[in-house]
Number of protein chains: 2
Amino acid sequence: MVTLAEVARHAGVSASTVSYVLSGKRSISAPTRERVEHSIKELGYHPNAGARALASSRSNILALMVPLRTDMYVPVMMEIAIAVATTARSHGYDVLLLTGEEGPAAVRRVTGSGLADAMIVMDVELEDERLPLLHAARQPTVLIGLPADTVGLTCVDLDFTATGALCADHLADLGHREIAVVGEAPAVYERHTGFAERTLEGLRRRAGELGVRLLHRPCEGSYESMDGTLSRIFDERPGTTGFVVQNEAAIDPLLSLLRRQGRAVPEDVSVVAICPEQVATQASVRLTSVAIPAQEMGRRAVELAVAKLAGRAPEEQVTLLAPELTVRASSGPAPGTS
Amino acid sequence: MVTLAEVARHAGVSASTVSYVLSGKRSISAPTRERVEHSIKELGYHPNAGARALASSRSNILALMVPLRTDMYVPVMMEIAIAVATTARSHGYDVLLLTGEEGPAAVRRVTGSGLADAMIVMDVELEDERLPLLHAARQPTVLIGLPADTVGLTCVDLDFTATGALCADHLADLGHREIAVVGEAPAVYERHTGFAERTLEGLRRRAGELGVRLLHRPCEGSYESMDGTLSRIFDERPGTTGFVVQNEAAIDPLLSLLRRQGRAVPEDVSVVAICPEQVATQASVRLTSVAIPAQEMGRRAVELAVAKLAGRAPEEQVTLLAPELTVRASSGPAPGTS
DNA sequence: ACGTGGTGTTGAAGCGCTTCGACTCCCTCT
DNA sequence: AGAGGGAGTCGAAGCGCTTCAACACCACGT
């Protein structure tokens with residue numbers, strides 16, 4: 001292993017000079033810098049991460065807590081994770097992957113050991129048990145998702161309330177008077193995951209304002225449960241002509257079952273999905289959808305974390321990304337509308 | 001920040017004693033140990049990761065390289081990643097997430113800096129450009145996937161050759177004489193990803209042995225491309241009655257399109273999928289499938305890495321998991337078979 | 001009584017890096 | 001000409017931990 005001291009000797013300078021060449025924290029004359037850089041290359045020197053972390057009390061690592069659940073909005077999670085990793089690298093950070101499984105213990109471990117300089121937490125619940133720990137931590141934190149109380153927190157999320165309202169608007173504009181919401185799996189609501197409840201709230205409020213009837217049914221992503229859910233919806237509200245789907249996994253089953261039942265999309269029923277662009281464009285019908293900007297969320301979260309580390313970002317800051325609805329082939333005028 | 005020295009003072013022992021209590025590398029009398037443990041709890045002490053890494057030259061971190069591509073076998077990747085993270089934790093390791101984007105540079109950075117103790121590399125290509133670097137690294141490596149040349153490497157993978165053969169066997173047993181393989185996207189073959197080519201090889205060889213005709217067509221995961229692929233298949237081989245699908249994303253489109261064309265599964269055509277269990281059981285038809293044991297692969301990879309770190313594992317070791325085919329509702333006797 | 005071999009504990013020497021203060025030049029301003 | 005100051009470099013003091021060699025102690029066998 002080549003050490004900084006060896007580089008210094010090879011270049012004929014002191015260790016501190018090499019360090020300053022590396023960090024740029026002091027000015028170094030061009031000839032010296034070149035000599036040092038040449039020695040670094042020649043010896044194949046790489047700074048030792050542990051020593052660096054110890055001396056500077058900075059690890060250049062960002063911790064990312066992702067939920068363990070493999071059965072839920074996986075593509076979104078993965079997309080966020082990759083955006084986080086990529087953005088982090090562009091700022092000189094590496095990413096430590098923590099699974100939600102450990103919960104608060106993981107937070108304690110990371111903050112206590114100084115393993116990471118900052119944390120990014122996904123899949124935040126309204127009353128998340130990790131919040132008190134994160135508040136108390138030395139390291140800055142950024143949440144992807146919104147807890148009930150955001151005092152003193154930095155959060156990034158899609159504005160799901162506005163998303164719900166947007167969906168309601170779109171369907172109401174097209175003349176739909178009875179809308180069904182195919183939601184996430186019941187477990188998601190039981191955990192009080194913010195985004196699911198917020199979407200619903202946005203939908204309900206706007207539907208109320210517009211005089212549109214709204215029926216919400218949670219739904220697993222399988223064909224069986226979608227089948228059951230669909231029957232119950234049409235039993236209860238035979239006049240339903242508009243659907244809003246929030247569960248990615250339920251999209252294919254929904255389209256498939258509607259087709260089998262002889263209900264044409266968008267002639268008989270309109271469908272609006274809340275999902276990543278890719279899912280919307282690859283479904284059997286090109287879906288009118290509100291995109292979940294996974295990449296953007298990951299990127300923003302890292303940038304906020306880095307800004308907080310540099311001391312140039314307020315403690316409390318809630319970034320809500322404005323939803324955008326793209327009209328595609330799955331929504332149209334309600335039947336009987338001129 | 002509480003340091004080990006403070007704990008030592010508080011407990012009335014030397015720093016080294018505290019260290020030995022923590023690591024268990026020397027015997028400590030029960031009373032002393034209890035005193036130290038009590039002090040640790042009382043002061044809320046957490047060892048500093050950087051200092052530890054520096055002094056012991058062990059970071060207790062495993063690096064995991066995942067491909068960047070978000071559009072490909074995402075659920076499998078995610079499942080492996082989570083299994084890796086979980087298993088690693090149970091061995092006292094954390095996981096550093098590296099995206100494939102950086103390629104060899106990431107390998108150099110991690111091995112050079114001693115950031116991680118070992119590496120787990122996913123999505124290995126047959127002639128992977130990272131291999132030479134991994135060979136030269138101080139840190140042990142485990143590959144998930146098989147490169148062309150495995151000399152001196154530790155690899156874990158599903159036996160895809162056997163998987164292909166198994167699928168061919170199953171369909172042949174049911175009397176199918178013309179089989180179509182709906183493969184991964186063309187890009188996957190262009191990159192010479194081992195598993196795709198191996199599956200095909202297994203299929204071809206066994207089909208040849210059994211006198212079954214085999215047609216292979218790469219396919220993207222969208223409806224459009226599936227539609228095109230399907231037409232070409234039936235144009236070229238109208239007698240096709242068996243399908244093997246390897247691209248997860250293509251499964252739903254395939255089933256959907258077959259249904260629309262009036263071809264019943266499994267009465268008219270049989271479908272065998274190579275995918276995770278969950279995908280097979282949640283599709284519109286419960287699919288006969290060979291499971292991709294993502295969790296198992298992740299777990300094994302970590303265990304091998306840990307074993308190598310402990311010096312109790314051979315340098316070269318290829319672990320091929322035996323495929324298992326589960327018969328479900330998508331495969332049956334070929335039409336016209338008694 | 002004495003050596004012997006465990007067992008439990010300690011002091012001190014680093015691990016490889018960052019960073020602070022100090023020093024030396026040399027240029028500029030008055 | 002002398003003060004003042006910026007630029008470039010260095011030495012040394014740690015950062016918090018691990019680990020090695022060494023020591024003290026006790027119980028044992030002879």
Side-chain angles (χ1 to χ4, degrees), chain A residues 1-37 39-40 43-61 92 109-117 138 309, chain B residues 1-37 39-40 43-61 92 109-117 138 309:
Chain A
M1 252 221 48
V2 189
T3 70
L4 182 143
E6 296 174 45
V7 174
R9 201 175 318 127
H10 186 271
V13 298
S14 76
S16 36
T17 302
V18 177
S19 178
Y20 287 125
V21 167
L22 252 29
S23 69
K25 293 193 179 169
R26 287 214 180 162
S27 51
I28 299 285
S29 68
T32 308
R33 189 178 332 110
E34 277 155 26
R35 213 139 33 85
V36 170
E37 278 163 357
S39 296
I40 288 178
L43 301 180
Y45 168 71
H46 281 272
N48 178 84
R52 220 165 220 210
L54 176 56
S56 64
S57 38
R58 284 265 184 151
S59 62
N60 285 303
I61 289 180
R109 190 157 46 81
V110 168
T111 61
S113 66
L115 229 188
D117 294 337
R138 279 190 304 288
L309 281 170
Chain B
M1 253 220 47
V2 189
T3 69
L4 182 142
E6 296 173 45
V7 173
R9 200 175 317 127
H10 186 271
V13 297
S14 75
S16 34
T17 302
V18 177
S19 178
Y20 287 125
V21 167
L22 252 30
S23 69
K25 293 193 178 170
R26 292 229 174 151
S27 51
I28 299 287
S29 68
T32 309
R33 189 179 332 111
E34 278 154 26
R35 214 139 36 83
V36 170
E37 278 163 357
S39 297
I40 288 177
L43 301 180
Y45 168 72
H46 281 272
N48 178 84
R52 221 167 218 210
L54 176 56
S56 64
S57 39
R58 284 262 183 156
S59 63
N60 285 302
I61 289 180
R109 190 157 45 82
V110 168
T111 61
S113 67
L115 229 187
D117 294 337
R138 278 190 304 286
L309 282 170

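Convention: sequence-line order gives letters A, B, ...; per-chain numbering from 1.
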Select one nucleotide: of C/dT19, D/dG8, C/dC17, the one nearest the side-chain heavy atoms of A/Ser56.
C/dT19

Side chain of B/Leu4 only, heavy atoms from C-beta on: which candidate in D/dC17, C/dC17, C/dT9 is closest?
D/dC17

Any non-hydrogen side-chain atom of B/Ile61 less than 4.5 Å from a side-chain atom of A/Leu115?
yes

D/dT19 base to B/Arg26 side chain: any donor-acceptor pair below 3.5 Å?
no

Gap between atoms NZ and P, on B/Lys25 and C/dG8 respectively (whole Å):
18 Å

How many whole angstroms separate atom CG of B/Asn48 from atom P of C/dC17?
17 Å

Mind calculating the distance between OH (B/Tyr20) and P (C/dG8) to the nearest angstrom?
14 Å

If you go through the side-chain atoms of A/Ser16, does one of them form a donor-acceptor pair with the base of D/dG11 closer than 3.5 Å?
yes

For the side chain of B/Arg52, starting at C-beta, report the closest nucleotide among D/dT18, C/dC15, D/dG14.
D/dT18

Within this structure, what is the CZ-to-C1' distance between A/Arg9 and D/dC10, rounded to whole angstrom?
16 Å

Could you measure the distance from the CZ atom of B/Arg52 to the CG atom of B/Leu22? Nearest 0.5 Å is fine.
5.5 Å

Looking only at N and O atoms, is any donor in the side chain of B/Ser14 or the base of C/dG11 less than 3.5 Å from an acceptor on the other one?
no

Interatomic distance, A/Thr3 atom OG1 to A/Asn48 atom CG [nearest 0.5 angstrom]
10.0 Å

Nearest to the side chain of B/Ala51, which nucleotide is it out of D/dC17, C/dC17, C/dC15?
D/dC17

